[in-house]
Each structure stands twice: as C-alpha cells, then as structure tokens.
Amino acid sequence: VINGYAQAGDPEKAEAILSHMQKAFNSGNLGCGPNNTCYSAVINAHATAGDTKKAQGILERMINEYTMGNKNCKPSNHSFSSVIKAWSRAGGVNAGREAEDVLNRMIQAHREGQLDFLPDVVSYGATIDAYAQVPDPEAAERVLDRMFQDFESGNKNCAPNIECFSTVIKAHARSGKRSAGQRAEEILGDAKKLLGGANVFIYSSVIDAFAVFGDIGNAARVFNLMLEEYNQGNKNCKPDVTSYGALLKSLARSRKKRAG
C-alpha cells in the first residue's frame with residue numbers, strides 16, 4: 001500500500017501509513033514493523049515530490065527506529081544516497097552543503113555504532129554532484145579528496161572512479177572561472193595517473209571547460225589527446241557526439257568572440 005501511494009505521487013498518505021505501522025510496532029504488534037523497503041518508498045516519494053527536507057526527516061526517523069529496536073528498517077547506503085541525490089536535484093546555493101551534511105550523518109552514525117557501514121562510491125559521487133550543480137568546484141574537489149582519504153583508510157567500497165573525477169571537472173566548467181579549463185586538465189591528469197586511463201566522458205568534460213570561453217586552441221588540443229589515446233588502444237576514448245559537440249561549442253564561441 002505504501003508503494004502504491006508513493007508511486008502515485010502521494011507521499012503524505014504513504015507517510016501516514018508508515019507512521020501507523022511504526023506506532024503499532026512500538027505498541028507491541030511486532031508483525032507490523034515497517035521495513036527498509038517501506039521507509040525507502042516514503043523517502044523516494046518525498047524526494048520525487050521535491051520535498052527534500054521531509055525525505056531527510058524520514059531518513060532520520062528510520063535511523064532512530066532501527067536504533068530503538070526495529071531491526072527490519074535498517075538503513076542502507078541507498079537510503080542515504082537517495083536523500084543526497086534529492087539535494088543534488090533540488091539545486092540552490094545550499095544544495096551541496098545539505099548533501100554533505102547527510103554524508104556526514106552516515107559517518108557519524110557509523111562512528112556511534114548505529115550503523116555498520118560507511119559511505120560508498122555512490123554516496124560520495126552524489127555529494128560531489130550536488131556541489132557540481134551549485135556550482136562549487138572547490139567543494140567538489142574537497143569531497144573527492146575526502147573520498148580518497150576514506151578509501152586509503154580502509155573503506156574499499158568508496159574507491160574513486162572516473163565518473164567522480166568527471167563530475168568535479170563539470171563543476172569547474174560550470175563555474176565560469178577563467179582558470180576552469182586549466183584546472184580541469186590537471187584533474188584529468190590526476191585521474192589518468194591514479195586510475196590508469198581515461199574515457200570519452202572525462203575528456204569531453206575537459207573540452208567543455210575550455211569551450212565555455214571559446215578556447216578552441218586548447219579544446220582542439222585536448223580532443224586530439226583523446227583521439228591519440230584511442231588510437232593507442234584505449235577504446236574507451238573513442239570520440240562520440242558529446243565530445244564533438246563540445247568541440248563545436250568551442251568553435252562557435254570562439255567565432256562569436258572574434259565577431260564581438
């Protein structure tokens with residue numbers, strides 16, 4: 001029933017049933033305890049409706065009820081990631097900070113013994129994306145650095161991937177800063193060194209960072225680096241419509257600058 005209301009876009013009714021189930025469980029009817037699926041459905045319903053604060057409130061209830069004895073509603077990384085992604089979709093100047101607060105809540109719950117897991121690559125990646133939407137490239141980089149530190153400290157579920165690097169680069173491209181292209185290419189170099197290679201998506205993000213200012217020279221140079229890597233055997237660097245589109249965007253803006 002909860003899923004039905006959630007999928008129908010009625011988070012309030014879904015939450016009302018969840019509350020009724022939890023109240024019955026707390027009164028001794030152990031067969032009525034809502035599980036992870038029930039809580040997750042209500043979280044997603046509020047998130048889809050654009051009420052991220054309520055989605056986060058349900059997550060907090062989920063943590064509390066699990067701690068109080070309802071072991072069927074144990075939160076998962078997905079539970080936290082759903083709220084983090086909701087903040088990313090919500091946008092606004094505070095979206096990144098709110099998303100990182102949820103990430104920090106997960107870490108705190110683990111530290112206090114409430115949860116037996118730490119953030120994974122999805123949780124960190126969603127937080128980076130929330131800052132990229134602002135855009136706040138420096139904060140996005142800081143979360144990527146946190147991710148590396150966490151991984152090197154033993155959390156093998158948060159190994160940074162190329163998508164995380166690409167999202168940080170997108171944050172720089174969206175920032176409108178003159179240094180965006182240069183910094184984006186530096187991050188590309190870090191990704192290649194740490195991950196052993198690149199792909200068309202991260203190259204396209206770097207090209208786009210130069211394209212924002214119509215820097216056709218550097219955009220074409222990075223495009224050729226990608227093509228060279230592809231010809232050397234990295235089939236993940238095969239140029240696609242996105243990379244060509246970024247190159248054309250750079251050309252168009254370059255011509256506009258000259259005409260202006």
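Because the structure is predicted, anything quoted here is derived from the model rather than measured.
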| task | Evaluate the side chain to side chain donor-acceptor pair (under 3.5 Å) criterion for residues S81 and N77: first the C-alpha distance (whole Å), next the side-chain angles of each, then the deciding distance (0.1 Å), finally the verdict. | result | CA-CA 6 Å; S81 295; N77 252 303; 4.9 Å; no
Could you give me the CA-CA distance, side-chain angles and deciding distance for K74 and N36, then say whether side-chain contact (heavy atoms from CB on, under 4.5 Å) is met? CA-CA 6 Å; K74 179 182 179 181; N36 176 287; 5.6 Å; no
Criterion side chain to side chain donor-acceptor pair (under 3.5 Å) on S123 and D120, from CA distance to verdict: CA-CA 5 Å; S123 305; D120 61 8; 3.0 Å; yes
- For the pair D150 and Y124, evaluate side chain to side chain donor-acceptor pair (under 3.5 Å) and give the outcome as yes or no after the intermediate values. CA-CA 10 Å; D150 195 5; Y124 273 110; 2.8 Å; yes
| said: Please evaluate residues S204 and T242 with respect to the criterion side chain to side chain donor-acceptor pair (under 3.5 Å), reporting the C-alpha separation (whole Å), side-chain torsions for both, the decisive distance (0.1 Å), and the verdict. | reply: CA-CA 7 Å; S204 297; T242 303; 5.6 Å; no
Show the numbers, then the answer: is there a side-chain contact (heavy atoms from CB on, under 4.5 Å) between V134 and N94?
-> CA-CA 8 Å; V134 174; N94 294 321; over 6 Å; no
Checking salt bridge (Lys or Arg N to Asp or Glu O under 4.0 Å) for the pair R142/E100: CA distance, chi angles, key distance, verdict?
-> CA-CA 11 Å; R142 178 175 52 74; E100 191 170 8; 2.7 Å; yes
Show your reasoning for whether salt bridge (Lys or Arg N to Asp or Glu O under 4.0 Å) applies to R146 and E141.
-> CA-CA 9 Å; R146 285 186 64 182; E141 281 197 51; over 6 Å; no
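No more than 12 heavy atoms of other residues, nucleotides or ligands sit less than 6.0 Å from atom CD of E163. At most 12 non-hydrogen atoms from other residues, nucleotides or ligands lie less than 6.0 angstrom from CZ of F201. The environment of Y66 atom OH is dense: over 12 non-hydrogen atoms of other residues, nucleotides or ligands sit within 6.0 angstrom. By the 6.0 Å contact criterion, NZ on K249 is enclosed, its count of non-hydrogen atoms from other residues, nucleotides or ligands being greater than 12. Within 6.0 Å of NZ in K193 there are 12 or fewer heavy atoms belonging to other residues, nucleotides or ligands.
Between the side chain of R253 and the backbone N or O of V212, at least one donor-acceptor pair lies under 3.5 Å. At distances below 3.5 Å, not a single donor-acceptor pair connects side-chain atoms of N44 with backbone N or O atoms of S82. Formation of a donor-acceptor pair under 3.5 Å by the N224 side chain with backbone atoms of L227 is not found in this model. Listed for the N234 side chain is no donor-acceptor partner under 3.5 Å among the backbone atoms of Y230. Looking only at distances, a side-chain donor or acceptor of S250 sits under 3.5 Å from a matching main-chain atom of I216.
You'll find the side chain of I58 reaches within 4.5 Å of the side chain of L18, heavy atoms only. Using a 4.5 Å heavy-atom cutoff, the side chains of D51 and K53 are in contact. Residues N236 and V200 fail the side-chain proximity criterion, which asks for heavy atoms closer than 4.5 Å.
Judged by distance alone, the side chains of S40 and T37 never bring a donor and an acceptor atom under 3.5 Å apart. Of the N and O atoms on the side chains of S243 and D240, at least one donor lies less than 3.5 Å from an acceptor on the other residue. A donor and an acceptor atom, one from each side chain of H46 and Q56, are nowhere located under 3.5 Å apart. No hydrogens or angles considered: nothing links the side chains of N70 and E65 as a donor-acceptor pair under 3.5 Å. A donor atom on one side chain and an acceptor atom on the other are found under 3.5 Å apart for N218 and R221. For N26 and Q22, the side-chain atoms include at least one donor-acceptor pair closer than 3.5 Å.
The aromatic rings of F223 and Y244 are tilted relative to each other, their planes meeting at an angle between 30° and 60°.
Here R105 does not pair with D101 in a salt bridge; the nearest charged N to carboxylate O distance is not below 4.0 Å. In this structure, E15 pairs ionically with R61, as a charged nitrogen and a carboxylate oxygen lie closer than 4.0 Å. Contact check on K235 versus E229 returns no salt bridge, with no Lys/Arg side-chain nitrogen under 4.0 Å from an Asp/Glu carboxylate oxygen.
Here the closest heavy-atom approach between residue L195 and residue N161 is recorded as CD1-C, 3.8 Å.
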